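This structure is a prediction, so every number in the text was calculated from the model and none was measured. We name chains A, B, ... by the order of the sequence lines, and we start the count at 1 in each one. Basis for what follows: all heavy atoms, side chains included, without hydrogens, waters or symmetry-related copies.
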Protein chains: 2
Amino acid sequence: MDGPLLHQLADRLKALSHPARLKVLVTLAGGDGCQCGAIVAGLPLAQSTVSQHIKVLLEAGLIRGGTEKGRACYCLDAEALATLRRDLDILFSALHAPAPDAACEPEKAHV
Amino acid sequence: MDGPLLHQLADRLKALSHPARLKVLVTLAGGDGCQCGAIVAGLPLAQSTVSQHIKVLLEAGLIRGGTEKGRACYCLDAEALATLRRDLDILFSALHAPAPDAACEPEKAHV
DNA sequence: ATCGTTTATCGGCGATTTACGATGGACGGA
DNA sequence: TCCGTCCATCGTAAATCGCCGATAAACGAT
């Protein structure tokens, strides 16, 4: 887990760090098809705003698609999502503290 | 995966969506102890900036600790990290497209 | 040819983020 | 006591974000 790797991971996490964008992903996975209209309908946001969120997900490489013939058509990039999931697993594995002597519990707060 | 859940997950992901903060977590897991000084030394940032990143992680509940006696002492919140990992697993599971008829490949780009 | 629909992009606004230096408090050592 | 170190906080500047309405492009239908 060195510098560039963390940077790249942070970028993808940033794309996920907004409820609207998470909802877009879940909606796309819902099989309701790929229409953008359906996505807009499911969010309390203006169409232009949703379009921008989609753009963020596209640029992060988490979804694929575009506008084919007047109609938009987006879908999850399963491969990218799998890669992200794997990278997160690596991160969380790296985050397993190696038996800390419990020397770090200032107050543990109102237990 | 409904609204509030996505919102709460997005908040935690936001805390992770910066390379410096990821590095802080990895450093804390490195067992180098909990010193803030060690963290600052490992980052190309000013001490005040690092302190703010630590604050973000604290507020997200991903790390615990504080300043005990002049010296700072932080450590990963293993429980919170485990919860986050589980929530991410739920998300990624929800993101498994249910056999999309491959009807969504506008151009697949320059293959 | 003209409309209505769908979607992306532009311009702008307020809020938030990221970064820094400076300041101040708490502590240990000389 | 007087420094030096360590850390959090404040104030601030620059950049980015999140949102919107308006607009424009592409298309189908009339």
Apply the test side chain to side chain contact (heavy atoms under 4.5 Å, CB included) to residues A:Leu16 and B:Leu9: give CA-CA distance (whole Å), side-chain angles for both, the deciding distance (0.1 Å), then the verdict. CA-CA 9 Å; A:Leu16 289 184; B:Leu9 179 55; over 6 Å; no
Of all the heavy-atom pairs spanning A:Asp87 and A:Met1, show the shortest one and how long it is. O-CE, 4.2 Å
Residue pair A:Leu43, A:Thr49: steps toward the side chain to side chain contact (heavy atoms under 4.5 Å, CB included) verdict: CA-CA 10 Å; A:Leu43 286 170; A:Thr49 304; over 6 Å; no
Candidates C:dA19, C:dT7, D:dA8 - which lies nearest the side chain of B:Thr67: D:dA8
Separation of C:dT6 atom C1' from A:Ile54 atom CD1, nearest Å, is 12 Å
Of the candidate nucleotides C:dA19, D:dC10, C:dA8, which contains the atom at the shortest distance from the side chain of B:Leu45? C:dA19
Residues B:Leu22 and A:Leu6: closest non-hydrogen pair is CD1-O, 3.5 Å
Per atom distances to the B:Arg71 side chain, the nearest of D:dC6, D:dC20, C:dA8 is D:dC6
Quick one: A:Lys55 NZ to C:dC10 C1', roughly how many Å, whole number? 10 Å
Of the listed D:dC7, C:dC20, C:dA8, the closest approach to the B:Ala46 side chain comes from C:dC20
For the side chain of B:Tyr74, starting at C-beta, report the closest nucleotide among D:dA8, D:dC7, C:dA8. D:dA8
Looking at every heavy atom in both B:Ala60 and B:Ala15, which two are closest together, and how far apart are they? CB-CB, 3.5 Å
Separation of D:dC7 P from B:Ile39 CD1 (nearest whole Å): 9 Å
Starting at atom CG of A:Leu57, determine the distance to atom P of C:dA8, rounded to an integer number of angstrom. 12 Å
Could you tell me the separation between the CD atom of A:Glu68 and the P atom of C:dT6, rounded to a whole number of Å? 17 Å
Side chain to side chain contact (heavy atoms under 4.5 Å, CB included), that's the test. Do A:Arg12 and A:Thr83 meet it? Break it down for me. CA-CA 11 Å; A:Arg12 283 173 291 167; A:Thr83 300; 4.0 Å; yes
Hey, quick one: are A:Val26 and A:Val56 part of the same hydrophobic cluster, counting side-chain heavy atoms closer than 4.5 Å, chains of contacts allowed? no
Counting only side-chain N and O atoms of A:Ser48, is one of them less than 4.0 Å from OP1 or OP2 of D:dG21? no
Give a yes/no answer on whether the side chain of B:Ser51 brings an N or O atom under 4.0 Å of OP1 or OP2 in D:dA8. yes
For DNA chain C, determine which residues of residues 8-25 of chain B have any heavy atom closer than 4.0 angstrom to one of its atoms, and list them numerically. B:Lys14, B:His18, B:Arg21
Could you give the NE2-to-C1' distance, from B:His53 to C:dT17, as a whole number of Å? 9 Å
How many Å lie between CD on A:Gln47 and P on D:dC19, as a whole number? 14 Å
Determine whether any donor atom in the side chain of B:Gln52 lies under 3.5 Å from an acceptor atom in the base of C:dA19, or the reverse, and answer yes or no. yes
